[in-house]
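First comes the structure, then the notes that go with it.
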Amino acid sequence: MSDFIAPFWGYFVGIVAMGGIVWCVWLLFTQRRWLGSAPANEAPDTGHVWDGDLTELNNPVPRWWTVMYLLLCVFAVGYLVLFPGLGHYAGTLRYTSADDLMRQQAAQEAATRPLYARYEAMPVPAIARDAQALEIGQRLFLANCAQCHGSDARGAPGFPNLTDGDWLYGGSPEAILQTITHGRHGVMPAWSGVIDARTASDIADYVRSLSGLGGDRSRVFSGKEAYGTYCVACHGEDAKGNQALGAPNLTDDVWLYGGSQRAIETTILNGRDSRMPAQDGILTPAQIRILTAWVWRQSHPDDAAARAGPPAAAAPAGKAEAPAAVSLNAP
């Protein structure tokens, strides 16, 4: 697949590359006095004189330097014949960095396959109490997940905390495995075209009251009524959320985008759209299982299946706790 958006650019790159080499050779031949008719030992001055007797001479560069530069031009031509560099021309070796990367990845996967083989069929809770697996899982997390969730897995605004036991899609090993493998896409619809700012503020007051946060008590009743009209379908009558939809629990004082009055109003009026990228195709199934075990353990440090020790043949699957750790909207 070509990297150029139009055929013209391929020819343009080829002309510029070869034109640069030709220009360098031409420049060397026209500027070297020893390659011309004038004697090489002549060194006329430039006309610049300092302090009355300090004259700047126009000495040519050493001959060996010119020869070396010509050899570099020859090398450049040879390189462009063998490797891609002239636009659409692929080179006689047909080399591409993408193919080279795939070969290196295949070699790396083959070298590490024996290491991961023992974890491919092992239950996630059993992996979570394997010391070597946890070391691997931490490295996988730092390389693939820390950019969003932080190196301590405690998240950031818009990216869930993976250590607090509060989950959007379910915190069981199976739910986390599903999230990491296939990703999640959470959408909180914007209500700005349906309700006004006053109503959004009333709902925010009511939602904050569910977590015991301060607010205008006189507006909680009207906010509850508006909640029952616009929000109950996703977050439920008890406002405890819906794992199937990724709708967060609004009663636990855990907020993905902030729990202030203004932050909740912004979420209600403008909505949220967040995406957890799928790791299938980036990580191998065994790597995903190990990463799942590491993430699961962060919120189950005292769980019997997650305590340090020799891996069991079959460990209990663990409770399916609150909804899953992935980026999704919450007020």
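Just so it is clear, the structure is predicted and the values come from calculations on it, not from any experiment.
The two residues I268 and M188 come nearest to each other via the heavy atoms CA-CE, 4.1 Å. Across all their heavy atoms, I282 and A278 have their closest contact at CD1-O, 3.7 Å. Closest approach of V49 to D53, counting heavy atoms only: CG1-N, 4.1 Å. Of all heavy-atom pairs spanning I290 and A133, the tightest one is CG2-O, 3.2 Å.
Neither I15 nor F12 shares a network with the other; the hydrophobic side chains, linked directly or stepwise wherever heavy atoms of I, L, V, M, F, W or Y lie under 4.5 Å apart, form separate groups for each.
Within a 6.0 Å sphere centred on CZ of F8, other residues, nucleotides and ligands contribute more than 12 heavy atoms. Remark: Y116 OH is packed, more than 12 non-hydrogen atoms of other residues, nucleotides or ligands lying under 6.0 Å away. The environment of E56 atom CD is dense: over 12 non-hydrogen atoms of other residues, nucleotides or ligands sit within 6.0 angstrom.
For the residue pair T199 / D196, a side-chain donor-acceptor distance below 3.5 Å is found, with atom types taken as modelled. If you check the side chains of T163 and Q298, you find no donor sitting under 3.5 Å from an acceptor.
One distance of note links CD1 of I180 with OG1 of T292; it measures 3.5 Å at 0.5 Å rounding. In this structure, E120 CD and T284 OG1 are separated by 7.5 Å, a value rounded to the nearest 0.5 Å.
In this view, Y119 satisfies the ring pair (Phe, Tyr, Trp, His ring centres under 6.0 Å) rule with no residue, not counting sequence neighbours. Scored by the ring pair (Phe, Tyr, Trp, His ring centres under 6.0 Å) test, F141 finds W294 as partners (sequence neighbours excluded).
For the pair R208 and D205, the salt-bridge criterion is not met [side-chain N within less than 4.0 Å of a carboxylate O].
Residues Y206 and C231 are not in side-chain contact: their nearest non-hydrogen atoms beyond the backbone lie 4.5 Å or more apart. Between Q132 and R118 there is a side-chain heavy-atom pair separated by less than 4.5 Å.
No donor-acceptor distance shorter than 3.5 angstrom exists from the side chain of E237 to the backbone of A233, with no hydrogens or angles considered.
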